[in-house]
Protein chains: 2
Amino acid sequence: MKEGPDIAHVAALLGDPARANMLTALMSGRALTATELAQEAGVTPQTASSHLAKLEAGLIVTPRKQGRHRYFTLSGPDIVEALEVLMGIANRVGHNRVRTGPKDPELRHARVCYDHLAGDMGVALFDGLTKRKLIISDLNGVVLTSAGISFATEFGIDLDGLRSKRRPLCRECLDWSARQSHLAGSFGAALLDRFYDLGWASRVRESRIVRFSRDGEKKFRDLVTF
Amino acid sequence: MKEGPDIAHVAALLGDPARANMLTALMSGRALTATELAQEAGVTPQTASSHLAKLEAGLIVTPRKQGRHRYFTLSGPDIVEALEVLMGIANRVGHNRVRTGPKDPELRHARVCYDHLAGDMGVALFDGLTKRKLIISDLNGVVLTSAGISFATEFGIDLDGLRSKRRPLCRECLDWSARQSHLAGSFGAALLDRFYDLGWASRVRESRIVRFSRDGEKKFRDLVTF
DNA sequence: TTCATCCTTCGATAATAATCGAAATGTCAT
DNA sequence: ATGACATTTCGATTATTATCGAAGGATGAA
């Protein structure tokens with residue numbers, strides 16, 4: 001009837017509260033089981049199953065069978081991007097729900113949000129980079145300053161490589177627990193990777209928690225203080 | 001009940017076929033009246049009015065009153081971005097509708113799609129840049145090559161300025177009429193601006209048509225042929 | 001003023017889909 | 001095998017909402 005790609009179908013898949021909650025949970029990058037997703041969405045396993053079938057048929061999520069569980073992940077980086085953009089709009093428009101984030105104190109402190117650092121330390125990173133004038137965030141988004149560019153290079157991040165991706169370099173991402181911004185986008189992800197490589201932090205198995213070593217946390221503090 | 005920005009609400013607004021059609025029509029960048037949008041969506045004016053009220057309340061579109069008409073535009077570049085990403089997903093997933101594009105031959109030839117060049121000439125531009133190896137498009141998106149970067153600079157485009165925007169530099173956009181890709185993103189928009197500045201082309205008042213001068217079209221052909 | 005046009009509001013209808021209880025299937029552990 | 005758990009299927013209910021006809025307001029033209 002109408003022209004071009006069918007936006008409505010895809011958007012409708014993201015447009016149901018239960019499904020949106022599941023997808024947001026999958027932004028952590030972890031593969032989650034059907035029941036875990038049901039809990040995240042606050043619906044019974046039956047309903048979740050129905051939703052997941054739709055998301056799977058629409059190629060929004062990808063299932064992976066393992067034993068008696070089915071693990072789901074987002075089907076690609078474009079889905080992450082779409083969710084990030086929608087979060088940005090929802091945020092600009094002022095439509096956010098009220099709930100405090102995860103209760104686990106370690107989760108509140110430092111965790112991964114898909115592939116970048118979130119939690120208190122994520123917020124601290126964002127604020128620190130801003131105070132040091134390495135990034136600037138305004139209405140249009142987040143930008144690396146020239147000081148920020150040289151900082152990134154010195155810190156061992158291949159900016160040109162990042163730029164060649166479709167994904168935007170910097171993006172603001174609202175923190176679930178802290179209710180403040182942390183840094184998303186390919187640069188945010190690269191920073192976290194670098195923290196891993198430098199041995200400052202490591203990811204706790206089977207969880208979203210990022211655990212900093214004593215030494216790593218110290219160096220991190222130096223990084224984000226002026 | 002749940003955490004963070006309310007993705008579902010925004011996505012649901014984009015997730016209705018009638019609304020999606022209206023928004024896609026608005027991607028041309030032109031301000032359209034309520035009745036025009038009703039026609040685009042294939043619904044009666046009453047239904048369109050109801051949809052537009054919702055989109056307006058959700059700050060997806062911005063109304064502007066003029067005489068007895070109400071003109072609507074997309075409320076910001078983030079909306080364009082969201083629509084572009086969703087089109088990309090829908091395209092990847094293989095969900096597209098069947099309809100040929102606009103019937104006006106001049107529209108098929110060269111028109112604006114929000115702020116970049118579309119139609120046959122838009123496709124020719126995309127193909128030409130690809131053949132000249134100034135851009136490369138793969139699964140991850142579209143990237144400027146180093147040859148493309150120097151070309152852009154010589155052509156008078158401030159790439160650093162563009163990079164400082166939230167919007168991605170290059171993006172593929174499926175052409176409604178030609179069913180092939182043309183170049184979107186801030187670089188695509190900058191190219192069209194440059195065509196205007198150089199006097200190669202100008203926009204026809206009150207329409208989406210881009211009219212190239214005889215000389216401009218010739219130079220354009222030189223640009224896109226190897 | 002009077003008329004035509006653009007748009008909205010109201011009310012009713014119909015279609016869609018989210019939800020869950022109950023039961024079935026499949027997988028692992030013992 | 002038997003039991004426990006994860007997931008799906010089925011069926012029925014309920015809530016939501018897209019849709020349009022009819023009528024009302026608002027604006028500009030004559």
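Letters A, B, ... mirror the listed sequences (proteins, then strands); counts begin at 1. Since we're looking at a predicted model, the values are computed, not measured.
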Given D:dT19, C:dC7, D:dG21, the nucleotide with the shortest approach to the side chain of B:Val43: D:dT19
Expressed as a whole number of angstroms, how long is the span from A:His9:NE2 to C:dT16:P? 14 Å
Short side-chain N/O contact to C:dT8 OP1/OP2 from B:Arg70, under 4.0 Å: yes
Under-4.0 Å side-chain N/O to phosphate OP1/OP2 contact, A:His51 with C:dA17: no
For D:dT17, does OP1 or OP2 lie under 4.0 Å from any side-chain N or O of B:Lys54? no
Check whether any side-chain nitrogen or oxygen of A:Ser50 sits under 4.0 Å from OP1 or OP2 of C:dA17, and answer yes or no. no
Between D:dC20, D:dT8, C:dA18, which nucleotide has the shortest distance from any of its atoms to the side chain of B:Thr44? D:dC20
Phosphate-side-chain proximity, B:Lys65 and C:dC7, N/O vs OP1/OP2 below 4.0 Å: no
From the options D:dT19, C:dC6, D:dA22, select the nucleotide whose nearest atom is closest to the side chain of B:Ala18. D:dT19
Check the pair A:Phe220 / A:Leu117 against side-chain contact (heavy atoms from CB on, under 4.5 Å), numbers first and verdict last. CA-CA 12 Å; A:Phe220 178 87; A:Leu117 187 63; 4.2 Å; yes
Partner residues of A:Thr47 under the side chain to side chain donor-acceptor pair (under 3.5 Å) criterion, sequence neighbours left out: A:Thr44
Can you tell me if the side-chain N/O atoms of A:Thr47 get under 4.0 Å from OP1 or OP2 in C:dC20? yes
Under the side-chain contact (heavy atoms from CB on, under 4.5 Å) rule, collect the residues that match up with B:Arg70, sequence neighbours excluded. B:Glu56, B:Pro63, B:Lys65, B:Phe72
Shortest side-chain distance from B:Gln46, nucleotide among D:dT7, D:dT8, D:dC20: D:dC20
B:Arg68 side chain N/O closer than 4.0 Å to the phosphate oxygens (OP1, OP2) of D:dG25? no
Tell me the interatomic distance from B:Gln39, atom CD, to C:dT5, atom C1', rounded to whole angstroms. 14 Å
CE of B:Met22 to CG of B:Leu14: how many Å apart, nearest 0.5 Å? 13.0 Å
side-chain N/O A:Thr35 vs D:dC5 OP1/OP2, d < 4.0 Å: no
